[in-house]
Protein chains: 2
Amino acid sequence: MDQLRETLKVHHLRTTTCREDVLSTFINKKNALSHGDLEGALGENYDRVTIYRTLKTFLEKGIIHKVLDDEGLRYALCSHSCSEEQHHHDHIHFKCVECGETNCLENLHIPAVQLPAGYHSENFNLLIQGTCPKCN
Amino acid sequence: MDQLRETLKVHHLRTTTCREDVLSTFINKKNALSHGDLEGALGENYDRVTIYRTLKTFLEKGIIHKVLDDEGLRYALCSHSCSEEQHHHDHIHFKCVECGETNCLENLHIPAVQLPAGYHSENFNLLIQGTCPKCN
DNA sequence: AATCAACTTGCAACAGAGTTGCAGAATATT
DNA sequence: AATATTCTGCAACTCTGTTGCAAGTTGATT
């Protein structure tokens, strides 16, 4: 619980109950969350707008990152190496078509892709859809 | 122009001017388009809703596919091999951070990714962001 | 512990994206 | 030309996300 405050402090953010709750929700649930998920989890306590702003702030500070999906935007915790200045830019996410959960596959790396001449890449986002261990 | 009608016919869709226009816009512009792009291109002529429904229909028939993006959903023409029954499921898209254009890289294939035990993959969607030849 | 600037929150109002039901219009078929 | 089927436009609605502003909190200073 003090770890939450610590994380916020590191990123020069004031500790508020909303930020602590959003952060701990990400830590507990582990998988990628949409704004709606968060609103469902703690919407009684906080205004919709506040949750939106919290997500925006966390994005800017590199605490979370966007997860691409064909159904809607989600967010997931960044691995430790991310910060405002230095953000690691390659993400692989797995979305289960059965249970709908999306998770980061932190350990995998995206294999090199040979881009056509003239293209210069800055970051990769790979979404793999299929079935996860729980649903197999 | 008859090719448009042919494409629609193959997918058991009636030829209407809206469908012809949407389809030819995809063919002419070549890059991925959002609903807003299409509305901008031919919005005077057709109702918002009709464009939404046309996109939905084309998606279902496998004429176009969704393109993931961190800013919003877009659509692009499927390569010839797609149909309602058989849809090829690996897509690589390149989004230029300068000009904002997103294009399919049809010729590339996504290298094999070693998934952890228990995961079973059905399709891949890779979004590469960077600068394109025009903006380099 | 009281003060104060800076930041954060909630509210209201708004803008945009996408959906649904229905009546009228267009299409393919006979 | 007549018909069943499908498509379109309209209106109304929901859901998602944003902005401005006043009131409330936070952290630092005294």
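Every chain is numbered from 1, with letters handed out A, B, ... down the list of sequences.
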Checklist outcome for this item: Residues at least two apart in sequence or cross-chain that pass side chain to side chain contact (heavy atoms under 4.5 Å, CB included) with A:Glu101, listed by chain then number, are A:Asn31, A:Cys99, A:Asn103, A:Lys134

Checklist entry - Considering residues at least two apart in sequence or located in another chain, which fulfil the side chain to side chain contact (heavy atoms under 4.5 Å, CB included) criterion with B:Val10? => result B:Glu6

Next on the checklist: Taking ring pair (Phe, Tyr, Trp, His ring centres under 6.0 Å) as the definition, give me every residue that meets it alongside B:Phe94, ordered by chain and number, with sequence neighbours left out.
Outcome noted: A:Tyr119

Checklist entry - Among all residues two or more places apart in sequence or in another chain, which pass the ring pair (Phe, Tyr, Trp, His ring centres under 6.0 Å) test with A:His93? => result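 Testing A:His93 for ring pair (Phe, Tyr, Trp, His ring centres under 6.0 Å), a comparison that skips the adjacent residues, returns A:His65, A:His91.
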
Checklist entry - A:Ser34 and A:Asp37: side chain to side chain contact (heavy atoms under 4.5 Å, CB included), yes or no, with the steps? => result CA-CA 5 Å; A:Ser34 66; A:Asp37 294 332; 3.2 Å; yes

Checklist outcome for this item: d(B:Arg14 CZ, B:Thr57 OG1) to nearest 0.5 Å is 12.5 Å

Next on the checklist: Distance check, rounded to the nearest 0.5 Å: A:Phe26 atom CZ versus A:Leu4 atom CG?
Outcome noted: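 Here the interatomic distance stands at 13.0 Å.
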
Give me, pair by pair, the N or O atoms of the protein and of nucleotides 28-30 of chain D that are less than 3.5 Å apart, along with how far apart they are.
none

Checklist entry - When the C1' atoms of the five terminal pairs at each end define the local axes, what inter-axis angle does the helix from C:dA1-D:dT30 to C:dT30-D:dA1 show, to 10 degrees? => result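 Overall, the helix from C:dA1-D:dT30 to C:dT30-D:dA1 bends by 30° from one end axis to the other.
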
Next on the checklist: Quick check: do B:Asn125 and A:Leu68 have side-chain heavy atoms less than 4.5 Å from each other?
Outcome noted: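 No - every pair of side-chain heavy atoms lies 4.5 Å or more apart.
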
Next on the checklist: Applying side chain to side chain donor-acceptor pair (under 3.5 Å), can you list everything that pairs with B:Thr50, at least two apart in sequence or on another chain?
Outcome noted: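 Per chain and number, B:Thr50 pairs via side chain to side chain donor-acceptor pair (under 3.5 Å) with no residue.
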
Next on the checklist: Need two values: the first and the last nucleotide of DNA chain C, 5' to 3', having an atom under 4.0 Å from any heavy-atom of chain A.
Outcome noted: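 Reading along DNA chain C, I get C:dA6 to C:dA12.
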
Please list, chain by chain and in numerical order, all residues satisfying salt bridge (charged side-chain N to carboxylate O under 4.0 Å, His left out) with [X], sequence neighbours excluded.
X: B:Asp47; result: none
X: A:Arg53; result: none
X: B:Asp69; result: B:Arg74, B:Lys95

Checklist outcome for this item: Quick tally for nucleotides 6-17 of chain D: nucleotides whose base has a protein heavy atom under 4.0 Å get B, sugar-phosphate-only ones S, the rest -, giving BSBBBB----BB

